[in-house]
Amino acid sequence: MRLHVIARGKIGRSPEAELVQRYVKRIQWPLVITELPDRGGTVPPAPQGSRTVMLDELGKQLTSIEIAQALERWRDDGVRETRFLIGAADGFDDAERANADLLIAFGKATWPHMLARAMLAEQLYRATSILAGHPYHREG
């Protein structure tokens, strides 16, 4: 299954970009990152049968194991792509949220979207490591 991160804002050459790349290089699953401008631009159309996950302040606070289980379930069900959407500073509206298969939040705090991208990259690495039986994740 391909992982597709679709993020608002250009990360450029920054400490956050270095952190994202550190984790992206470790992920063994196919992964694509699409950057969109903060405003405007079109989210690429979702492939048939894909899943959409939005990072949103109203989302569920999942554990790393729960994220891994969702990816495993979708992969085993034949989902070809899971898309992770990261909005700009104003986030998503209700109509956009309604189209998502899953809303997740990285806690109750508000995070800069560039830092959220790094946190997502780490969680995708962690989830795929859990599914591979790699010792990176330590529970408890």
Taking only distance into account, with no hydrogens and no angle test, what donor-acceptor pairs under 3.5 Å do side-chain atoms of residues 45-55 form with protein atoms, sequence neighbours excluded?
residue, atom, partner, partner atom, Å
Ser50, OG, Pro47, O, 2.9
Arg51, NH1, Gly49, O, 3.3

All N/O donor-acceptor pairs, side-chain side in residues 26-34, below 3.5 Å, sequence neighbours left out:
residue, atom, partner, partner atom, Å
Gln28, NE2, Arg26, O, 3.4
Thr34, OG1, His4, NE2, 2.6

Would you tabulate the side-chain donor-acceptor contacts of residues 68-79 under 3.5 Å, counting partners in other chains and residues two or more places apart, or write 'none'?
none

Only distances under 3.5 Å count here; give the side-chain donor-acceptor pairs of residues 113-120 to other protein atoms, sequence neighbours excluded, each with its distance to 0.1 Å.
residue, atom, partner, partner atom, Å
Arg117, NH1, Glu35, OE2, 2.7
Arg117, NH2, Gly9, O, 2.8

Report task. Could you give me the CA-CA distance, side-chain angles and deciding distance for Leu103 and Lys60, then say whether side chain to side chain contact (heavy atoms under 4.5 Å, CB included) is met? Result -> CA-CA 6 Å; Leu103 298 175; Lys60 297 178 183 178; over 6 Å; no
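With values rounded to the nearest 0.5 angstrom, Ile130 atom CD1 is found 8.5 Å from Thr128 atom OG1. A distance of 8.5 Å separates CG in Leu85 from CZ in Arg8, rounded to the nearest 0.5 Å. A distance of 11.5 Å separates CG of Asn99 from CG of Asp94, quoted to the nearest 0.5 Å.
Contact record, Gly59 with Ala105: O-CB, 3.7 Å, taken as the closest heavy-atom pair. Among all heavy-atom pairs drawn from Ile86 and Phe92, the shortest one is C-CZ, 3.8 Å.
Contacts of Gln123 classified as side chain to side chain contact (heavy atoms under 4.5 Å, CB included), with partners at least two apart in sequence or in another chain: Ser64, Ile67, Phe106, Arg126. Here Thr42 pairs with nothing under the side chain to side chain contact (heavy atoms under 4.5 Å, CB included) rule; sequence neighbours left out. Scanning for side chain to side chain contact (heavy atoms under 4.5 Å, CB included) contacts around Ala132 gives an empty result, with sequence neighbours left out. Residues passing the side-chain hydrogen bond (donor to acceptor under 3.5 Å, both in side chains) test with Ser14 are Glu16, sequence neighbours excluded. Judged as a side-chain hydrogen bond (donor to acceptor under 3.5 Å, both in side chains), and not counting sequence neighbours, Arg22 has no contacts. Contacts of Asp93 classified as salt bridge (Lys or Arg N to Asp or Glu O under 4.0 Å), with partners at least two apart in sequence or in another chain: none.
Using a 4.5 Å heavy-atom cutoff, the side chains of Ile6 and Phe84 are not in contact.
Proximity of a side-chain donor or acceptor of Gln21 to a complementary backbone N or O of Glu18 within less than 3.5 Å is not detected.
Tracing side-chain contacts under 4.5 Å through hydrophobic residues (I, L, V, M, F, W, Y), one reaches Leu62 starting from Met1; they form part of the same cluster.
For residues 107-116, no residue pair satisfies the salt bridge (charged side-chain N to carboxylate O under 4.0 Å, His left out) rule, not counting sequence neighbours.
Atom CZ of Arg2 has more than 12 neighbouring heavy atoms from other residues, nucleotides or ligands inside a 6.0 Å radius.
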